[in-house]
Amino acid sequence: MQQRTPPWRKLAASLATVFVTGAAWAQDAGVLNIYNWADYIAPDTIRNFEKETGIKVRYDMFDSNEALHAKLVAGNSGYDIVVPGSHFAKQQIAAGLLQKLDKSKLPNLKNLDPAIQAQLAKMDPGNDHLVDWLWGYTTVGINVDKVKTALGGPLPDNAWDLLFKPENIAKLKKCGVAFLDSASEVLPIALHYLGKDPYSTQQADYDAAAKLLKSIRPSVTRFVGSGSDYIDQMARGQICAVLGWSGDIMIAANRAKESKTGQTIQALVPKSGGLLFFDVMAIPKDAKNVANAHKWIDYIMRPEVHAGLSNTVFYANPNKASLAHVKPEIAKNPAIFPSEQVLATMLPPGVPDQATRRIITRTFTNFKANPTAPVFAPNGTFTVSATGGASATGGASATGGASAAGGASAAGGASAAGGASATG
Ligand code: SPD
């Protein structure tokens with residue numbers, strides 16, 4: 001039997017609708033929670049957005065793709081905008097962790113370079129979920145004078161030889177050598193250096209990479225991530241060589257100049273290619289402030305805003321229309337906006353399958369833990385004897401890869417305590 005709703009109930013229901021809609025709108029109008037890499041934004045980017053929109057931005061930073069990935073997998077991150085590398089974003093789209101963009105709210109998409117959009121479409125068909133924030137490459141950074149002195153001769157022709165030839169890196173150890181604490185950065189480069197597929201699925205290739213990494217491990221003095229102090233340490237002359245990110249190295253060079261530290265820092269472009277990355281803005285599936293997230297993405301795509309990012313952090317942006325606003329010394333710097341020819345030498349980002357990720361994680365964890373060979377048990381656990389004779393045990397994680405120093409990793413790899421990260 002159908003029941004008639006009393007008029008007071010109808011009124012209460014519509015008031016509730018108005019109230020709830022109003023509350024949702026009020027929440028969306030008020031705040032925007034962003035999770036991005038460190039040293040990756042201009043001083044006025046957030047300030048101008050807040051002033052113009054009245055939206056309050058909360059801005060947190062992560063140190064590696066692996067750390068962000070673990071947070072998204074865990075769910076309820078509380079973020080409305082995240083900025084993964086496109087290769088991690090591809091996995092996040094496949095896992096349903098990111099939502100489709102409403103392109104009708106993004107008129108500034110017209111400013112983007114179709115060539116970059118085509119690159120991203122390889123990870124995100126139709127460019128439905130991702131908009132590039134900035135892009136760059138993983139490479140070798142050096143303190144020019146210290147490295148030349150330590151080598152006692154000219155730089156090698158291929159910059160990777162500085163870090164991957166044991167006889168070279170051993171000479172740099174005393175002035176400080178840092179590697180990114182991220183398996184997804186180091187392994188493709190090591191494989192490529194050996195002439196192998198950077199995204200190989202073959203255990204034998206990873207065994208070869210492990211051998212290479214083991215041969216240089218005693219000379220790596222630090223593992224670093226975004227937001228660790230490696231930029232400052234380079235600028236002050238406390239690290240003379242790094243496997244790091246192009247723009248970060250150029251920030252160090254700029255800081256050294258501005259603070260007159262007397263250090264000359266340079267991002268090298270290896271002859272055999274750096275590892276390209278595209279860091280992308282995306283909206284997590286469970287974001288609460290989706291309208292504000294769209295406002296932010298569209299704001300970033302304004303030519304002068306995107307230019308402001310490149311002008312500050314020395315990474316290329318995807319915004320063709322912004323080039324008129326990029327300082328000429330940055331727009332014309334081939335280490336920031338590499339030529340087509342150089343770009344063709346670079347390794348594109350790639351997405352290993354789950355099984356390969358486990359191998360990558362294990363290889364990297366062993367590299368970090370210990371220069372001596374690990375002993376693997378059939379159940380996937382391993383024992384390594386750490387430098388100095390102490391012994392550390394790792395275990396295979398539930399879903400991602402091996403854990404660092406005995407800590408369990410989340411799906412796809414999580415950042416372990418103390419800033420060490422496992423891979424995704
Ligand atoms: N300081 C910002 C560094 C951004 C680095 N993004 C790296 C993506 C990795 N492939």
Side-chain angles (χ1 to χ4, degrees), residues 34-43 45 59-70 72 81-92 116 119-120 122-123 130 132-141 178-192 198-199 223-235 242-255 265 267 273-282 300 308-318 335-336 346-352 357 360 364 412-413 415 419 421-424:
I34 301 178
Y35 202 31
N36 199 350
W37 303 84
D39 304 292
Y40 221 24
I41 195 162
T45 314
Y59 191 83
D60 293 338
M61 289 166 284
F62 54 84
D63 59 1
S64 66
N65 266 313
E66 287 85 352
L68 167 61
H69 189 73
L72 289 175
I81 290 279
V82 291
V83 189
S86 61
H87 50 314
F88 273 72
K90 180 177 181 182
Q91 302 163 50
Q92 289 151 10
I116 305 282
Q119 272 294 332
L120 286 188
K122 292 182 190 162
M123 302 289 173
L130 312 175
D132 189 58
W133 170 264
L134 292 172
W135 60 274
Y137 51 97
T138 309
T139 191
V140 183
F179 265 51
L180 286 174
D181 190 358
S182 171
S184 59
E185 303 286 351
V186 175
L187 264 300
I189 290 170
L191 288 169
H192 179 65
Y199 304 107
F223 286 90
V224 297
S226 178
S228 69
D229 55 356
Y230 86 99
I231 295 181
D232 271 336
Q233 291 210 339
M234 283 209 92
V242 64
L243 183 152
W245 293 305
S246 52
D248 286 13
I249 297 162
M250 288 180 260
I251 295 175
N254 196 54
R255 239 174 241 179
I265 312 300
L275 175 63
L276 267 182
F277 63 78
F278 298 88
D279 289 332
V280 292
M281 292 180 276
I300 294 298
L309 300 183
S310 292
N311 286 338
T312 308
V313 298
F314 308 104
Y315 286 98
N317 72 60
I336 301 176
M346 298 229 183
L347 309 181
V351 186
R357 289 200 325 218
I360 292 174
F364 188 70
S415 197
S421 62
T423 195

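Computation of the quantities below employed the complete heavy-atom set of this structure, encompassing side-chain atoms and omitting hydrogens, waters and symmetry-equivalent molecules. The first residue of the sequence shown is numbered 1, and numbering continues consecutively from there. Remember, it's 1-based here, ligands and their atoms both numbered in the order they're listed. Just so we're clear, the structure is a prediction, and the values are computed from it rather than from any experiment.
- A salt bridge does not link Asp248 to Arg255: none of the charged nitrogens lies less than 4.0 Å from a carboxylate oxygen.
- Atom 8 (C) of ligand 1 has as its closest protein heavy atom Asp279 OD1, 3.2 Å.
- Counting heavy atoms closer than 4.0 Å to ligand 1, residue Asn65 contributes side-chain atoms (C-beta onward) but none from N, CA, C or O.
- With 3.5 Å as the limit, one finds no donor-acceptor pair spanning the side chains of Asp63 and Ser226.
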Apply side chain to side chain donor-acceptor pair (under 3.5 Å) to the pair Trp135 and Gln119, showing each step before the final yes or no.
CA-CA 11 Å; Trp135 60 274; Gln119 272 294 332; over 6 Å; no
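- Counting heavy atoms under 4.0 Å from ligand 1, residue Ala38 touches it through the backbone alone.
- Taking every heavy atom of Tyr40 and a limit of under 4.0 angstrom, the matching atoms of ligand 1 come to 2 (C), 4 (C).
- The side-chain heavy atoms of Val351 and Phe88, taken from C-beta on, include no pair separated by under 4.5 Å.
- Distance from atom 10 (N) of ligand 1 to its nearest protein heavy atom, with residue and atom name: Glu185 OE2, 2.8 Å.
- Under the 4.5 Å side-chain criterion, counting only non-hydrogen atoms from C-beta, Val186 is in contact with Phe179.
- At a 3.5 angstrom cut-off on N or O pairs, Thr138 does not count as close to ligand 1.
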